[in-house]
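Each ligand, and each atom within it, is numbered from 1 in the order the structure gives. Note that this is a predicted model, so its numbers are computed, not measured.
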Amino acid sequence: MPETKSYESIAANVAAVRETMKEAAQRAGRDVSEITLVAATKVQTSDTIRNAIQAGITVCGENRVQELVAHLEDNAYQGAKVHFIGHLQTNKVKFVVGKVDMIESIDSTRLMDAVEKQAAKLDIVQDILLEVNIGDEESKGGAAIDEVLALAQHALACPHLRLRGLMCIPPATASEEENRGFFQETYQLFVDMKDKLEDNNSTIDCLSMGMSGDYPLAIEGGSTMVRVGTALFGARPPWHPQG
Ligand SMILES: *Cc1c(COP(=O)(O)O)cnc(C)c1O
């Protein structure tokens, strides 16, 4: 685990990221207040998370169940919301459902059914996003583009789930031009899904795309939620890459 990042360093990074977000929003004729900054806190200590929240972070994104559980036990997220943004196995949903404000990484009916079942047991409604494998990468989680609508319809039939939108992670190797295309495609999918499904039991208002390397581009492409780790906390140790 890397050492705890100071409040001062995080606060400076938060200010810089928010300024970059604002400039990107302006270029796109958007208001930055429509866009949520989610701090991707994987591998960070509980004290780093506390410092980030003190520095104005309102949502933390966690992508490993084990780290989520440890930080919850530590009460590290006090004052902020938590989103689960990583790959979720069906046998671990009980550690996540009802413990987080949103699960951004639902990518199969099997996982959705497991989340629905646990949410029903807890008698809650769990906010979810569908993760789209926008680069059609074999090694990656996320639903195929042509499965998204059926998944969304399945979600609407689950009384303990509230479908809020889509999340995507473009291929790590994509060029800026390719990324622009992936964001455009995901945005279109988001708009189509809204058009087809928006009704009284859904609130489709979240499009989660953009990470440290590409969040300005994602904002220009219509993102409403960026998940930023490195630009807030510095590079992660090499033994704990991407996922
Ligand atoms: C780690 C992670 C991020 C943030 O990545 P950075 O490049 O460090 O900003 C965003 N989304 C997910 C799902 C992640 O796992």
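Per-residue contacts place Ile169 under 4.0 angstrom from the following atoms of ligand 1 (heavy atoms of the residue considered): 13 (C). Within ligand 1, counting atoms from 1 as listed, the ones closer than 4.0 Å to a heavy atom of Lys42 are 1 (C), 2 (C), 3 (C), 14 (C), 15 (O). Residue contact check: Asn63 has heavy atoms under 4.0 Å from atoms 15 (O) of ligand 1. If you number the atoms of ligand 1 from 1 as listed, the ones under 4.0 Å from a heavy atom of Ser212 come out as 6 (P), 7 (O), 8 (O), 9 (O). Those atoms of ligand 1 that come under 4.0 Å of a heavy atom in Arg227, given as number and element, are 4 (C), 9 (O), 10 (C), 11 (N), 12 (C), 13 (C). Atoms of ligand 1 found under 4.0 Å from any heavy atom of Thr230 (numbered from 1 in listed order, with element): 6 (P), 7 (O), 8 (O), 9 (O). Every atom of ligand 1 with a heavy atom of Val228 under 4.0 Å away is listed here by number and element: 9 (O).
Comment: Arg50 engages Asp47 in a salt bridge, judged by a side-chain N to carboxylate O separation of less than 4.0 angstrom.
The proximity of Ala40 to ligand 1, defined as any non-hydrogen pair under 4.0 Å, is limited to the side chain. Contacts of Glu104 with ligand 1, taken as heavy-atom pairs under 4.0 Å, are absent altogether.
The ring pair (Phe, Tyr, Trp, His ring centres under 6.0 Å) search around Phe183 returns none, not counting sequence neighbours.
Hydrophobic clustering of Ile, Leu, Val, Met, Phe, Trp and Tyr side chains at less than 4.5 Å, counting indirect connections, keeps Val115 apart from Val125.
Checked against a 3.5 angstrom limit, the closest N/O atoms of Gly229 and ligand 1 fall inside it.
Using modelled atom types and a 3.5 Å distance limit, the side chains of Asp31 and Ser33 yield a donor-acceptor pair.
Taken from CG in Leu37 to CE in Met225, the straight-line distance is 10.5 Å, to the nearest 0.5 Å.
Residues in residues 40-81 take part in these ring pair (Phe, Tyr, Trp, His ring centres under 6.0 Å) pairs, two or more places apart or across chains: His71-Tyr77.
Of the possible polar contacts, one joining the Lys140 side chain to the Pro170 backbone as a donor-acceptor pair under 3.5 Å is found.
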